[in-house]
Undergrad: 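Take a look at the following structure, please.
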Amino acid sequence: MPQAQLPPSWSQMPLTPVSQDSHMPQAQMRIPPFLPFLLDSRHCRGRLKDHPAPQDRGGDSNYFIFIIIVFLFTLIGNLVLLLTILLNKSLHQPMYLLLLNLPINDIIGSSALFPQVINELLLDSRSIQYAACITQAFLIHIYGTGSVFILTAMAYDRYVAICCPLQYGTIMTNAHVMRIISLVWLCNLFVIGVLFFLLLRLPRCGSQMAHSYCDNPSLLRLACTDTTVNNIYGLALF
């Protein structure tokens, strides 16, 4: 399959040259932020785009079926766990209320990643709109960081249960559990929000992504200016 090219209407868009004091080569041009990104499909197809084979469509069908099965299994499994905890009143305990956040977080992560990969395999499309790419990257990082915060909250619950068993019921009240859950999601949204605020302030000089999905490191490589602040924050965060 030939390498993906930008449509002629995009190539006619005016591009702004990078200033000479930029850290990027002077020959690179700034790209309007609303133009779509081109995704690298080698990571989800296991082959080079520039060397297609006759049986590639059959291989794509196998990948498509496999990803569909994984996606449905993930959604159904998390929904079953979610409904089991919500509908069973005997499970309305601090540990299970904290556990309830894990399937919610998993649904967010899988819904952010798999639909784009399915769309790429089904329609043979390697482009993604700017807003969709930023949204996907944001939700993927929400999922990754949220898993850490949720497991930390569950570890705190187990710490109280083991070290203060007699005071467990007094400490881990429903109100306290709700405060912990709120803190988990607020901290998650805040740290990822700052990460993407630092990212979106940067102009970009490229549209070719390094992966078949969008994430912060791949988007950061397309920036035209110095990314030291982003790198320091990313290292401190992850």
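From a predicted model like this one, the values you see are computed outputs, not experimental measurements.
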Undergrad: What are the two closest heavy atoms between Leu202 and Asp226, and how far apart are they?
TA: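 In terms of heavy atoms, the two residues are closest at CD2-O, 4.2 Å.
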
Undergrad: Could you tell me if the side chain of Pro203 sits less than 4.5 Å from the side chain of Thr225, heavy atoms only?
TA: yes

Undergrad: Give, for atom OG of Ser147 and atom CD1 of Ile108, the distance between the pair rounded to the nearest 0.5 Å.
TA: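 With rounding to 0.5 Å, OG (Ser147) is 9.5 Å from CD1 (Ile108).
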
Undergrad: In this structure, are over 12 heavy atoms from other groups packed under 6.0 Å from Phe138 atom CZ?
TA: yes

Undergrad: Would you name the heavy atoms of Leu102 and Met154 that are closest together and state the gap between them?
TA: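 Closest pair (atom of Leu102, atom of Met154, distance): CD1-SD, 3.8 Å.
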
Undergrad: For Asn78, run the side chain to side chain contact (heavy atoms under 4.5 Å, CB included) check against Val80, Leu75, Thr74 and tell me which one passes.
TA: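 Among Val80, Leu75, Thr74, the one that satisfies the side chain to side chain contact (heavy atoms under 4.5 Å, CB included) with Asn78 is Thr74.
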
Undergrad: Could you state the interatomic distance from OG1 (Thr173) to CZ (Arg179), rounded to the nearest 0.5 Å?
TA: 6.0 Å

Undergrad: So how far is it from Asp157 CG to Ile162 CD1, rounded to the nearest 0.5 Å?
TA: 9.5 Å

Undergrad: Calculate, to the nearest 0.5 Å, the distance between atoms OG1 and OH belonging to Thr135 and Tyr130 respectively.
TA: 10.0 Å

Undergrad: With rounding to the nearest 0.5 angstrom, report the CZ to CG distance, Phe190 to Leu183.
TA: 12.0 Å

Undergrad: Between Ser111 and Ile107, is there a donor-acceptor pair closer than 3.5 Å when you use the side chain of the first and the backbone of the second?
TA: yes

Undergrad: Residues two or more places apart in sequence or in another chain: which of them pass side-chain hydrogen bond (donor to acceptor under 3.5 Å, both in side chains) with Asp106?
TA: none

Undergrad: Between Leu189 and Phe149, is there shared hydrophobic-cluster membership here, with clusters defined by ILVMFWY side-chain heavy atoms closer than 4.5 Å?
TA: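 Leu189 and Phe149: one cluster.
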
Undergrad: Test side chain to side chain contact (heavy atoms under 4.5 Å, CB included) on Leu97 and Met178 and set out the steps.
TA: CA-CA 9 Å; Leu97 293 177; Met178 290 300 105; 4.2 Å; yes

Undergrad: Please determine whether residues Val70 and Ile118 belong to a single hydrophobic cluster, defined as Ile, Leu, Val, Met, Phe, Trp and Tyr linked transitively by side-chain heavy-atom distances below 4.5 Å.
TA: yes

Undergrad: Are Gln136 and Tyr213 packed together at the side-chain level, in the sense that at least one heavy-atom pair is separated by less than 4.5 angstrom?
TA: yes

Undergrad: On a heavy-atom basis, which atom in His141 and which in Leu195 lie closest, and how many Å separate them?
TA: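 Minimum heavy-atom separation between His141 and Leu195: ND1-CD2, 4.2 Å.
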
Undergrad: Taking ILVMFWY side chains as joined if any heavy atoms are under 4.5 angstrom apart, and letting links pass through other members, which residues group with Leu83?
TA: Leu87

Undergrad: Looking at Phe114, I want to see if its CZ is surrounded by more than 12 non-hydrogen atoms of other residues, nucleotides or ligands under 6.0 Å.
TA: yes

Undergrad: Just by modelled atom types, is the Val191 backbone N or O under 3.5 Å from a matching donor or acceptor in the Tyr233 side chain?
TA: yes

Undergrad: Could you tell me if the side chain of Asn101 sits less than 4.5 Å from the side chain of Trp185, heavy atoms only?
TA: yes

Undergrad: Measure from the side-chain N and O atoms of Arg201 to the backbone N and O of Leu198, and report whether any donor-acceptor pair falls under 3.5 Å.
TA: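 Answer holds: yes.
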
Undergrad: Who passes ring-ring contact (aromatic ring centres under 6.0 Å, His included) against Phe66, sequence neighbours left out?
TA: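 With sequence neighbours excluded, Phe66 shows a ring-ring contact (aromatic ring centres under 6.0 Å, His included) to no residue whatsoever.
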
Undergrad: Do Leu219 and Phe197 sit in one hydrophobic cluster, given that two such residues count as connected whenever their side-chain heavy atoms are within less than 4.5 Å of each other, even indirectly?
TA: yes

Undergrad: Using every non-hydrogen atom in the two residues, find where Tyr168 and Met95 come nearest and quote the distance to one decimal.
TA: OH-N, 4.2 Å

Undergrad: Any chance you could lay out the side chain to side chain contact (heavy atoms under 4.5 Å, CB included) test for His92 and Asn174, step after step, and finish with the verdict?
TA: CA-CA 9 Å; His92 293 179; Asn174 288 337; over 6 Å; no

Undergrad: Could you state the interatomic distance from CG (Leu99) to CG (Leu81), rounded to the nearest 0.5 Å?
TA: 5.5 Å

Undergrad: For the side chain of Asn188 and the backbone of Ile142, is there at least one donor-acceptor N/O pair under 3.5 Å apart?
TA: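 Between the backbone of Ile142 and the side chain of Asn188 there is a qualifying donor-acceptor contact (under 3.5 Å).
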
Undergrad: Membership question, hydrophobic clusters at under 4.5 Å side-chain separation (ILVMFWY): are Tyr143 and Phe196 in the same one?
TA: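 They do not share one cluster, since no chain of ILVMFWY contacts under 4.5 Å joins Phe196 to Tyr143.
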
Undergrad: Would you kindly say whether Thr227 and Asn231 are connected by a side-chain donor-acceptor distance under 3.5 Å?
TA: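 A donor-acceptor contact under 3.5 Å links the two side chains.
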
Undergrad: Between Leu100 and Leu86, what is the shortest heavy-atom contact and its length?
TA: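 Taking Leu100 first and Leu86 second, the nearest heavy atoms are CD2-CD2, 3.8 Å.
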
Undergrad: Does Leu98 form a side chain to side chain contact (heavy atoms under 4.5 Å, CB included) with Val184? I'd like the steps, not just the answer.
TA: CA-CA 10 Å; Leu98 294 173; Val184 163; over 6 Å; no

Undergrad: Is there a continuous path of hydrophobic side-chain contacts, each under 4.5 Å between heavy atoms, that joins Ile232 to Leu199?
TA: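 No, no single cluster joins them.
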
Undergrad: How about Ile192 and Asn216: do any of their side-chain heavy atoms sit closer than 4.5 Å?
TA: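 No, every pair of side-chain atoms sits at 4.5 Å or beyond.
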
Undergrad: On a heavy-atom basis, which atom in Leu91 and which in Ile85 lie closest, and how many Å separate them?
TA: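 Of all heavy-atom pairs spanning Leu91 and Ile85, the closest is CD1-CA, 4.1 Å.
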
